[in-house]
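Because the structure is a prediction, the values reported are computed rather than measured.
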Amino acid sequence: MKAILFDLDGTLLDRRASLRRFIKEQRERLGNELKETDELSYEEDFLTWDNNGYVTKDIVYQKLIAKYNIKSFTATELLQDYEEFFYTSCIPFANLISTLAELQKQSIKLGIVTNGKKDFQQKNLEALGIATYFESVVISEAVGVKKPDPAIFLHAAEELGVLPKECLFVGDHPEIDFSGAEAVGMTGVWRVNGMWKPPKTTHEITNLTQLLLIVDEINNNSH
């Protein structure tokens with residue numbers, strides 16, 4: 001196994017914890033009617049309507065404005081604030097940097113394959129303090145193709161100079177992360193999250209440090 005490719009949101013970035021922090025900070029920053037809404041109810045509605053990032057934020061904000069009768073801000077203004085400031089709320093999963101550092105020490109090439117806007121995702125990577133660990137960062141907006149299209153996974157492998165069969169792909173969505181990665185011959189690692197029905201896979205992790213054991217196991221079995 002020569003390389004590991006990672007999804008970003010929900011795999012390296014603790015997206016739910018980060019969103020909770022962002023919602024609180026946006027309420028404080030913008031104040032006005034936003035701050036006057038019931039905090040717990042507003043936060044839970046945001047997370048429910050966001051559907052783990054699979055509903056666009058403009059729709060989420062439109063629903064919040066309608067439910068809470070917010071007149072001080074438009075959905076566009078709230079979305080712009082989200083795109084500008086979300087990175088300040090980024091929270092990593094436990095053992096993120098130590099795991100990446102250990103993998104790098106073992107000369108394993110590391111890459112990111114994520115859907116999303118280029119500048120937005122790049123800022124999040126830098127906010128987590130991990131941008132320098134990756135030899136390849138493939139963001140859907142930049143390459144014009146999204147997961148689960150196999151082309152985005154092939155592009156990442158090519159950037160790392162490895163064959164797909166020499167790559168692990170770590171992700172938290174059974175279709176978007178697994179179908180494309182495994183279709184091109186990568187080995188999937190399921191990031192357990194309780195949100196989606198798990199895919200059929202030999203490898204799964206609840207903590208990033210478990211990746212080190214999986215790499216050892218695969219490499220020992222291939223000798």
Visitor: Checking the side chain of N51 only, and the main-chain atoms of G53 only, is there a donor and an acceptor separated by less than 3.5 Å?
Guide: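 Between the backbone of G53 and the side chain of N51 there is no qualifying donor-acceptor contact (under 3.5 Å).
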Visitor: For L34, is there any backbone N or O sitting under 3.5 Å from a side-chain donor or acceptor partner on N32?
Guide: no
Visitor: Would you compute the distance between atom CD1 of I112 and atom CD1 of I4 and round it to the nearest 0.5 angstrom?
Guide: 11.5 Å
Visitor: What I want to check is whether the side chains of D9 and Q121 have a donor and an acceptor closer together than 3.5 Å.
Guide: yes
Visitor: Less than 4.5 Å apart, any side-chain heavy atom of I218 and any of H203?
Guide: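 Side-chain contact under 4.5 Å: yes.
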Visitor: If we only count heavy atoms from C-beta on, is the V189 to E204 side-chain gap below 4.5 Å?
Guide: no
Visitor: Which pair of non-hydrogen atoms, one from A17 and one from D14, has the smallest distance, and what is that distance?
Guide: N-OD1, 3.2 Å
Visitor: Looking at K117 and E83, is there a salt bridge between them, counting it only when a charged N and a carboxylate O are closer than 4.0 Å?
Guide: yes
Visitor: Let me confirm one number: the CG-CG distance from L125 to L13, rounded to the nearest 0.5 Å.
Guide: 9.0 Å
Visitor: Using 0.5 Å steps for rounding, measure from the CD1 atom of I108 to the CG atom of L103.
Guide: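 Atom-to-atom, I108:CD1 and L103:CG are 5.0 Å apart.
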Visitor: Would I97 end up clustered with V137 when hydrophobic side chains under 4.5 Å apart are linked, directly or stepwise?
Guide: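 Yes; tracing contacts between hydrophobic side chains, which count when under 4.5 Å, links both residues.
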Visitor: Do NZ/NE/NH1/NH2 and the carboxylate oxygens of K123 and E126 come within less than 4.0 Å?
Guide: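 Salt bridge: no.
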Visitor: Run the numbers on F86 and K57 for side-chain contact (heavy atoms from CB on, under 4.5 Å), then give the verdict.
Guide: CA-CA 12 Å; F86 178 78; K57 293 295 173 301; over 6 Å; no
Visitor: Please name all residues satisfying side-chain hydrogen bond (donor to acceptor under 3.5 Å, both in side chains) with T187, sequence neighbours left out, ordered by chain then number.
Guide: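 For T187 there are no side-chain hydrogen bond (donor to acceptor under 3.5 Å, both in side chains) partners, ignoring immediate neighbours.
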Visitor: Hey, is the main chain of Y42 close enough, under 3.5 Å, to the side chain of T37 for a donor-acceptor pair?
Guide: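 Side chain of T37 to backbone of Y42, a donor-acceptor pair under 3.5 Å: no, none is there.
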Visitor: When rounded to the nearest 0.5 angstrom, what is the spacing between OG in S140 and NE2 in H155?
Guide: 11.5 Å
Visitor: Which atoms form the tightest heavy-atom contact between E44 and R20, and what is the distance?
Guide: OE2-NH1, 2.9 Å
Visitor: Can Y68 be reached from I23 by stepping across I, L, V, M, F, W or Y side chains whose heavy atoms are under 4.5 Å apart?
Guide: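 Yes, one cluster joins them.
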Visitor: Provide the closest heavy-atom pair for E77 versus T74 in the form atom of the first, atom of the second, distance.
Guide: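 Looks like OE1-N, 2.9 Å.
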Visitor: Taking ILVMFWY side chains as joined if any heavy atoms are under 4.5 angstrom apart, and letting links pass through other members, which residues group with L40?
Guide: none
Visitor: With the threshold set at 4.0 Å, does a side-chain nitrogen-carboxylate oxygen contact exist between R191 and D7?
Guide: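 No, no charged N to carboxylate O under 4.0 Å.
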Visitor: Checking E39 against K24 for the side-chain contact (heavy atoms from CB on, under 4.5 Å) test, could you report, in this order, the C-alpha distance in whole Å, the side-chain angles of both residues, the deciding distance, and whether it holds?
Guide: CA-CA 8 Å; E39 186 171 359; K24 285 182 173 62; 3.6 Å; yes
Visitor: Do the side chain of E135 and the main chain of L110 share a donor and acceptor less than 3.5 angstrom apart?
Guide: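 Checked: no pair found.
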Visitor: Examine distances only and state if a side-chain atom of N220 and a backbone atom of D216 form a donor-acceptor pair shorter than 3.5 Å.
Guide: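 Here the side-chain-to-backbone pair exists.
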Visitor: We want to know whether Q210 and T206 form a side-chain donor-acceptor pair, criterion being a heavy-atom distance below 3.5 angstrom.
Guide: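 The criterion, which ignores hydrogens and geometry beyond distance, is satisfied for T206 and Q210.
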Visitor: Would a single hydrophobic cluster contain both L30 and F85, if residues Ile, Leu, Val, Met, Phe, Trp and Tyr are joined by side-chain heavy-atom contacts under 4.5 Å?
Guide: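 Same cluster.
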Visitor: With sequence neighbours excluded, give me every ring-ring contact (aromatic ring centres under 6.0 Å, His included) pair touching residues 121-144.
Guide: none
Visitor: To the closest 0.5 Å, what do you measure between CG (L211) and CD1 (I205)?
Guide: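 It is 4.0 Å, given to the nearest 0.5 Å.
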Visitor: Does atom NZ (K118) have a neighbourhood of more than 12 heavy atoms from anything else shown, all under 6.0 Å?
Guide: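 At most 12 heavy atoms, drawn from other residues, nucleotides or ligands, come within 6.0 Å of this atom.
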Visitor: Would you kindly say whether T88 and R21 are connected by a side-chain donor-acceptor distance under 3.5 Å?
Guide: no
Visitor: Clusters formed by hydrophobic residues whose side-chain heavy atoms approach within less than 4.5 Å: which one holds M186, and what are its other members?
Guide: L5, V113, V138, V143, V145, I152, F153, L154, L160, V162, F169, V184
Visitor: Is the NZ or CZ atom of R15 positioned over F93's six-membered ring, under 6.0 angstrom from the centre and within 45° of the axis?
Guide: no
Visitor: Between atom CG of L208 and atom CD of E102, what is the distance when rounded to the nearest 0.5 Å?
Guide: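 L208 atom CG to E102 atom CD measures 13.5 Å (nearest 0.5 Å).
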Visitor: L8, V55: one ILVMFWY side-chain cluster at the under-4.5 Å cut-off?
Guide: yes
Visitor: Short question: side chain of T11, backbone of F6 - any donor-acceptor pair under 3.5 Å?
Guide: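 Checked: no pair found.
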Visitor: Tell me, please, which residues at least two apart from N193 pass side-chain hydrogen bond (donor to acceptor under 3.5 Å, both in side chains).
Guide: none
Visitor: Hey, does E43 have a side-chain heavy atom less than 4.5 Å from the side chain of L19?
Guide: no
Visitor: Determine whether the aromatic ring centres of residues F22 and Y87 are separated by less than 6.0 angstrom.
Guide: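 No - the distance between ring centres of Y87 and F22 does not fall below the 6.0 Å cut-off.
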Visitor: Run the side-chain contact (heavy atoms from CB on, under 4.5 Å) check on K109 and E166 step by step: do they pass?
Guide: CA-CA 10 Å; K109 295 183 173 188; E166 297 170 326; over 6 Å; no
Visitor: Examine distances only and state if a side-chain atom of N115 and a backbone atom of K146 form a donor-acceptor pair shorter than 3.5 Å.
Guide: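 No: the side chain of N115 does not pair with the backbone of K146.
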Visitor: Does S98 offer a backbone N or O that forms a donor-acceptor pair with the side chain of N95 under 3.5 Å?
Guide: no
Visitor: Do E84 and Q80 have side-chain atoms, one donor and one acceptor, less than 3.5 Å apart?
Guide: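 Side-chain D/A pair, E84 to Q80: absent.
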Visitor: Checking the side chain of E33 only, and the main-chain atoms of I70 only, is there a donor and an acceptor separated by less than 3.5 Å?
Guide: no
Visitor: Grab the two heavy atoms, one from Q106 and one from V215, that are nearest each other, plus how far apart they are.
Guide: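 Where Q106 meets V215 most closely, the heavy atoms are OE1-CG1, 4.2 Å.
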Visitor: Distance-only check: which donor-acceptor pairs under 3.5 Å involve side-chain atoms of residues 58-67, not counting sequence neighbours?
Guide:
{"from": "D58", "atom 1": "OD1", "to": "T56", "atom 2": "OG1", "distance (Å)": "2.5"}
{"from": "Y61", "atom 1": "OH", "to": "Q26", "atom 2": "OE1", "distance (Å)": "2.9"}
{"from": "Y61", "atom 1": "OH", "to": "Q26", "atom 2": "NE2", "distance (Å)": "3.2"}
{"from": "K67", "atom 1": "NZ", "to": "D45", "atom 2": "OD2", "distance (Å)": "2.7"}

Visitor: If you look at every heavy atom in M1 and C167, which pair is closest and at what distance?
Guide: SD-C, 3.4 Å
